[in-house]
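The structure that follows is given in the form of structure tokens.
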Amino acid sequence: MNRITVVVPEVISRIAPEIYGHFSEHIGGVFYGGLRVGKDSDIPNIKGFRADAVEMLRKLRPPVLRWPGGCFAETYAWRDGIGDVRPVRKNWWYPHDGRLETNEVGTHEFIDLCEAIGAKPYLAVNVTSATPMDARDWMDYCLSPRGSTTLSLEREKNGRAEPFDIPYWGVGNENWGGGGNMTADFYASEYRRFATVMDNVSRAPKPDGRGVTLIAGGANGTDYAWTRGLSSSLAASGAPAGGMSFHYYTGTKYSCFDMSRDAWNSMIDRAAGIEEAVIRHYAIIRGYGLDRKMPRPLVIDEWGCWYPGGSGPSAGANLFEQQSTVRDAVITALTLNIFNRHADKIMMANVAQICNNLHCMLLIDGGKCVATPSYHVFDMYKEHQGANSLRVLTDCDYGARLSVSASEKDGGRILLTVANLSPETDAEARLDLLGVGGYGVESAYVLCSGDPADCNTAEHPDRVSPRKAEAAAGKPLFFPKASVTAVTLRTE
Ligand code: AHR
């Protein structure tokens, strides 16, 4: 029989809540036609954002929300998004035709959304087509104390006297691609320029010195040469850096409903590959001694499954919008288990994206806001946030494939989360907790469905959602094929 062993005395690290972070870009239906309906809409809203979506997101306890892109950030002029007059611009994603950017959602509106859902903001600064001075001014506008600089007075005139609390600032996005097609060396020089200015202006008048964490734009997936180039340049300079990102997407070839053996294995194997990427990027950064500057350096600020477009409720009208099936829930669980097990290396992660897009939490379907299966996994896993990640040993029988993580908080409450990665075989596992006298089961939930291609729609919003599961101390745990299980244990 499969065996899961939780080594309770062996704490890997506290799980930064930010590992459960989200991403929202001005692309497709994320904001317009999605979260944003406007203050005058008939749809109940909170400061212009759909009240149902806000409530659902708030329930996840989202720690952080990244904005305004993505690629969009690299042609974004922050001044377009403040004040009464909002210029209409081309959007990075629709250079020739398609949707224009109305700038209805700008800095103040984004902060309204963050405050409504309870997330900390993470802004991505334009490095490709703006200057360090633009970044400086945006920071001045957002962070300067009330009544100090001219830009802080402009902020006050626009409705916000007190500074915004924006702890995370990203320096560029995908600068190896859409963000300027730069080489690692070129980007590193740009980073050093921007970061020096941004760090200087961000020093808040607080006794603890710096007010913000700057995040360097990192590699595409497994491009370790980028991480080496950037790390070597950062190590050779005094440029401030609080974290280094990389992006990791799974897919593109198979349709989101393709559950053939090839598609299933390819998606699961590629998703599982993020573990090696975490280990290797981290090792390179440590190798350059940068862990002294950034002890938990990794920021995986875009991750998720990426299928060919058109499967979402808008049938292709919203760029990159895709349906989300049981397999996406399993991949969410697999990924979050990996992040938990490597909590000593990861400062933040942001699933892409929050609504009507790639690996999303919510889909607006015929006017209704529907939670995806992946949303439910974030909900089942939320008690991992801020808990201590525990060492877990997993010994699987031939053919079985379980992904596991465990964490402890509140002095003896353990959350064990397990994904059965097999679409064909149910699994049973014996559970051992080392280093404790015994344990009881407080609760157990499982998310699965008759068909791994099942998804949630306006007509069937709860087709794939968690239900209570049977679990008892001392008895084997049961994991249906293609499922996600969360068991809360209380140690004695
Ligand atoms: O998430 C969609 C896009 O994917 C982002 O804008 C970009 O950073 C990535 O390539």
Side-chain angles (χ1 to χ4, degrees), residues 21-35 64-76 89-95 98-99 101 105 110 122-130 168-182 187 191 215-223 226 230 243-253 256 270-271 274 277 298-312 314 316-324 328 331-332 335 348-363 372 374:
H22 299 270
F23 171 40
S24 58
E25 179 169 10
H26 287 235
I27 183 176
V30 176
F31 283 105
Y32 312 120
L35 297 175
V64 62
L65 182 59
R66 179 173 180 248
W67 177 83
C71 291
F72 176 81
E74 293 289 12
T75 53
Y76 184 59
R89 305 280 190 208
K90 286 182 177 294
N91 178 309
W92 194 96
W93 288 104
Y94 316 94
R99 297 177 195 194
E101 177 55 47
V105 172
F110 173 66
Y122 168 20
L123 300 192
V125 157
N126 177 351
V127 165
T128 305
S129 53
Y168 303 110
W169 293 75
V171 182
N173 175 73
E174 296 197 347
N175 300 92
W176 39 262
N181 282 306
M182 301 177 190
Y187 172 73
Y191 177 84
I215 293 158
N220 180 14
T222 56
D223 180 1
W226 180 279
L230 182 55
M244 194 184 293
S245 89
F246 77 90
H247 291 176
Y248 192 96
Y249 283 104
T250 294
T252 72
K253 183 174 152 194
C256 81
R270 164 79 189 162
I274 200 171
L298 296 180
V299 177
I300 304 144
D301 48 16
E302 290 183 31
W303 68 268
C305 296
W306 192 325
Y307 300 103
S311 61
S314 76
N318 289 332
L319 185 66
F320 295 163
E321 183 185 272
Q322 63 191 33
Q323 255 302 351
S324 175
D328 298 298
I331 286 177
T332 305
T335 307
M348 191 198 298
N350 309 74
V351 63
Q353 298 197 12
I354 197 159
C355 177
N356 290 354
N357 202 260
L358 301 173
H359 199 119
C360 52
M361 302 292 104
L362 303 177
L363 284 167
T372 63
S374 298

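Remember, it's 1-based here, ligands and their atoms both numbered in the order they're listed. Positions are given from 1, in the same order as the sequence printed here.
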Check ligand 1 against E174 and write out every atom of the ligand that is under 4.0 Å from a heavy-atom position of the residue. 7 (C), 8 (O), 9 (C), 10 (O)

Distance (rounded to the nearest 0.5 Å) between Y32 OH and N318 CG: 13.5 Å

Checking side chain to side chain contact (heavy atoms under 4.5 Å, CB included) between P68 and each of H26, E101, E25, which is the one that passes? H26

Ring centres of H359 and W303 under 6.0 Å apart? yes

Give the atoms of ligand 1, by number and element, whose distance to some non-hydrogen atom of W306 is under 4.0 Å. 4 (O)

Option with minimal heavy-atom separation from atom 8 (O) of ligand 1, where the choices are R66, E302, H359: E302

At less than 4.0 angstrom from any non-hydrogen atom of L358, what atoms of ligand 1 do you find? 1 (O), 2 (C)

Short list, please: which atoms of ligand 1 are under 4.0 Å from a heavy atom of G70? 5 (C), 6 (O), 8 (O)

How far is atom 6 (O) of ligand 1 from its nearest protein heavy atom, and which residue and atom is that? E25 OE1, 2.7 Å

Begin with the C-alpha distance, continue with both residues' side-chain angles, and end with the deciding distance and a verdict on side-chain hydrogen bond (donor to acceptor under 3.5 Å, both in side chains) for D328 and Y307. CA-CA 11 Å; D328 298 298; Y307 300 103; 2.7 Å; yes

Per-atom contacts of ligand 1 with F23, taking only distances under 4.0 Å to non-hydrogen atoms: 1 (O)

Work out whether the distance between some heavy atom of W92 and some atom of ligand 1 is less than 4.0 Å. no

Quick one: OH on Y248 to CZ on R270, what's the gap to the nearest 0.5 Å? 4.0 Å

Do L363 and T372 come within less than 4.5 Å of each other through their side chains, counting heavy atoms only? yes

Counting only heavy atoms closer than 4.0 Å, does ligand 1 sit against the backbone of W303, its side chain, both, or neither? neither

So which heavy atom in the protein is nearest atom 2 (C) of ligand 1, and how far is it from that ligand atom? Q353 NE2, 3.5 Å

What orientation do Y76 and F72 show, parallel under 30°, tilted 30 to 60°, or perpendicular over 60°? tilted

